[in-house]
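To start, the structure under review is shown below, and the notes come after it.
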Number of protein chains: 2
Amino acid sequence: MDVAIAGGFERFYEVLRRLTPRSELSLTAASTLRRLERSGPHRLCELHVPEGVSQPAMTQLVTRLEKEGLASRGSDPDDGRAVVVTITEAGREAVAKRREGRTRALSALLEQLPAEDHAAIVAALPALERLGELITEQSI
Amino acid sequence: MDVAIAGGFERFYEVLRRLTPRSELSLTAASTLRRLERSGPHRLCELHVPEGVSQPAMTQLVTRLEKEGLASRGSDPDDGRAVVVTITEAGREAVAKRREGRTRALSALLEQLPAEDHAAIVAALPALERLGELITEQSI
DNA sequence: ATTTTTATATCACTAGCTTATGAACCGGCG
DNA sequence: CGCCGGTTCATAAGCTAGTGATATAAAAAT
């Protein structure tokens with residue numbers, strides 16, 4: 001049974017990939033910004049593991065985000081080594097804009113879907129959300 | 001409403017990204033192999049548009065796949081320009097292996113989910129599948 | 001006071017994409 | 001037939017975002 005789910009998810013993953021505007025933000029950049037938006041400022045070392053990239057990659061990503069004004073580096077008064085990354089207002093806007101683009105594309109598709117399919121997807125959303133929480137906890 | 005769906009999908013997309021073993025195959029490579037497995041040999045020009053990459057990128061990808069023995073280049077007897085790409089047995093195995101890895105990871109998560117969530121996801125699968133078909137048609 | 005560990009940055013390198021361009025092949029038309 | 005515009009694929013050069021190895025500096029441990 002789980003094989004069927006995995007297969008379905010696989011197809012679906014491609015759908016989402018296609019649905020995502022190939023805009024400015026890379027996958028990791030977008031994901032990191034969303035994390036910063038969702039759960040506030042983080043130290044660099046708290047970001048690279050859950051985002052699934054190496055520490056140097058996160059350093060570089062933060063540098064890019066900072067250069068583009070989407071995030072800012074701060075320091076922890078209690079730990080001179082730490083770098084605390086915070087999302088900026090422009091960063092929030094970028095996330096919102098990206099979400100809008102995806103929503104628009106998705107809406108156009110959902111319209112063409114039978115009402116019962118639409119309903120089935122809506123019904124599954126909370127479950128998908130909880131699935132998301134599960135995986136987020138475990139990989140931190 | 002669609003905003004909620006898009007938001008849920010966004011989270012879900014990250015889940016899938018995390019669930020995918022960062023193994024040998026790139027996203028496009030895996031997606032292309034699956035397409036070749038699903039709907040048989042294709043010309044190069046029939047691949048790069050639906051996969052959302054430039055034609056040179058597809059040429060390079062096919063070269064890599066060929067070098068790794070996962071796909072093979074053939075020619076169309078009726079059109080000397082065309083290159084016909086076919087998945088090899090090794091390619092099918094690579095796809096299967098990747099799917100297994102994802103299934104294992106997903107199963108471990110699904111186990112921890114309440115039964116009704118599990119059921120809701122299963123119930124939404126056909127709808128997700130049709131959504132996938134929709135987008136595949138439209139971007140060809 | 002050393003030593004070890006932790007947090008971040010830097011370096012050199014690679015994969016996989018892009019645009020621009022080139023080369024081979026097709027179909028049609030004088 | 002022979003040329004010509006349009007396809008199809010390949011090549012070249014350059015960019016982005018990743019990697020592992022390693023350096024540096026602060027904190028923690030001995």
Side-chain angles (χ1 to χ4, degrees), chain A residues 14 17-18 20-36 41-86 94 98 139-140, chain B residues 14 17-18 20-36 41-86 94 98 139-140:
Chain A
E14 317 263 311
R17 189 160 75 100
R18 202 85 50 70
T20 305
R22 297 202 173 277
S23 55
E24 313 107 39
L25 295 175
S26 74
L27 289 182
T28 312
S31 170
T32 304
L33 279 181
R34 274 194 292 270
R35 181 178 301 270
L36 292 173
H42 284 275
R43 301 167 62 141
L44 224 152
C45 61
E46 292 166 346
L47 287 174
H48 85 264
V49 178
E51 292 300 336
V53 297
S54 66
Q55 174 267 314
M58 187 50 70
T59 291
Q60 292 167 22
L61 172 57
V62 170
T63 304
R64 286 196 303 273
L65 291 176
E66 202 177 21
K67 197 171 295 176
E68 292 161 16
L70 305 177
S72 68
R73 268 191 174 84
S75 52
D76 183 340
D78 299 337
D79 189 339
R81 298 166 302 178
V83 164
V84 178
V85 188
T86 310
R98 188 182 170 97
S139 59
I140 280 187
Chain B
E14 317 265 309
R17 188 161 75 99
R18 201 85 50 70
T20 305
R22 298 202 172 275
S23 54
E24 313 107 41
L25 296 174
S26 74
L27 289 183
T28 311
S31 170
T32 303
L33 278 182
R34 275 195 291 270
R35 181 178 302 269
L36 292 173
H42 285 276
R43 301 167 62 140
L44 222 151
C45 60
E46 293 166 346
L47 286 174
H48 85 264
V49 178
E51 293 299 338
V53 298
S54 67
Q55 173 266 313
M58 187 51 69
T59 292
Q60 292 167 20
L61 171 57
V62 170
T63 303
R64 286 195 302 273
L65 291 177
E66 203 177 20
K67 197 171 296 177
E68 292 161 17
L70 305 177
S72 69
R73 268 191 175 84
S75 52
D76 183 341
D78 298 338
D79 189 340
R81 297 166 301 180
V83 164
V84 179
V85 188
T86 309
R98 188 183 169 96
S139 59
I140 281 187

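Numbered from 1 within each chain, the chains take letters A, B, ... in sequence-line order. All values reported here derive from a predicted model rather than from experimental measurement.
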Check your understanding: OP1 or OP2 of C/dT10 sitting under 4.0 Å from any side-chain N/O of A/T59?
Key -> no

Check your understanding: Going by atom types only, do B/R73 and B/T63 share a side-chain donor-acceptor pair under 3.5 Å?
Key -> yes

Review point. Tell me: NE2 of B/H48 to C1' of C/dG16, nearest whole Å?
Key: 16 Å

Review point. Any chance the side chains of B/E51 and B/S31 put a donor and an acceptor closer than 3.5 Å?
Key: yes

Check your understanding: Side-chain N or O of B/R73 less than 4.0 angstrom from OP1 or OP2 on D/dT8?
Key -> no

Distances under 3.5 Å between nitrogen or oxygen atoms of protein and nucleotides 24-28 of chain C:
| residue | atom | partner | partner atom | Å |
| --- | --- | --- | --- | --- |
| C/dC25 | O3' | B/G80 | N | 3.4 |
| C/dC26 | OP1 | B/G80 | N | 2.6 |

Check your understanding: Atom CD of B/E66 to atom C1' of D/dC9: distance rounded to whole Å?
Key -> 13 Å

Practice item. May I have the distance from A/L47 (atom CG) to C/dA7 (atom C1'), rounded to whole angstrom? Key: 13 Å

Revision key, fill the gap. Taking C/dG16, D/dA12, C/dT10 as options, the one with an atom nearest any side-chain atom of B/P56 is D/dA12

Check your understanding: Touch check for B/T63, heavy atoms < 4.0 angstrom, all strands: base, sugar-phosphate only, or nothing?
Key -> nothing

Exercise for review: Answer yes or no: side-chain N or O of B/Q60 and base N or O of C/dT18 forming a donor-acceptor pair under 3.5 Å.
Suggested key: yes

**Study point:** Rounded interatomic separation in angstrom, taking CG from A/L44 and P from D/dT24
**Key:** 19 Å

Review point. B/L27 has an atom CG; how far is it from atom P of C/dA15, in whole Å?
Key: 17 Å

Check your understanding: Any side-chain heavy atom of B/R35 sitting closer than 4.5 Å to one from B/P50?
Key -> yes

Revision key, fill the gap. Of the listed C/dC17, C/dA7, D/dG18, the closest approach to the A/C45 side chain comes from C/dA7

Practice item. Rounded off to whole Å, could you give me the CZ-to-P distance for the A/R64 and C/dA9 pair? Key: 13 Å

Review point. Should B/V85 and B/T32 be marked as a side chain to side chain contact (heavy atoms under 4.5 Å, CB included) after you check the CA-CA gap, both sets of side-chain angles, and the distance that decides it?
Key: CA-CA 10 Å; B/V85 188; B/T32 303; over 6 Å; no

Check your understanding: Closest to the B/S54 side chain: D/dT11, C/dT18, C/dT8?
Key -> C/dT18

Review point. Tell me: CG of B/L61 to P of D/dT11, nearest whole Å?
Key: 15 Å

Review point. Is any side-chain N or O of A/Q55 under 3.5 Å from a base N or O of C/dA9, one able to act as donor and the other as acceptor?
Key: yes

Review point. Please walk me through it: do B/E68 and B/E24 pass side chain to side chain contact (heavy atoms under 4.5 Å, CB included)?
Key: CA-CA 10 Å; B/E68 292 161 17; B/E24 313 107 41; 5.7 Å; no

Review point. Which part of the nucleic acid does B/S26 contact within heavy-atom distance under 4.0 Å: base, sugar-phosphate only, or nothing?
Key: sugar-phosphate

Check your understanding: Taking atom types as modelled, is there a side-chain donor on B/R64 or B/S26 under 3.5 Å from an acceptor on the other?
Key -> no

**Study point:** Phosphate-side-chain proximity, A/T28 and D/dA17, N/O vs OP1/OP2 below 4.0 Å
**Key:** no

Practice item. Go through the N and O atoms of the side chain of B/E46 and the base of D/dT8, and report whether any donor-acceptor pair is under 3.5 Å. Key: no

Review point. How is B/A82 classified with respect to the nucleic acid when contacts are heavy atoms under 4.0 Å: base, sugar-phosphate, or nothing?
Key: sugar-phosphate

Exercise for review: Using whole Å, report how far CD of B/E51 lies from C1' of D/dC9.
Suggested key: 18 Å

Review point. Where the side chain of A/V83 is concerned, which of C/dA9, D/dT8, D/dA17 is the nearest nucleotide?
Key: C/dA9

Check your understanding: Ion pair present between B/D79 and B/R43, side-chain N to carboxylate O less than 4.0 angstrom?
Key -> yes

Point to revise | Side chain proximity check, A/T86 to A/L36, heavy atoms < 4.5 angstrom | key: no

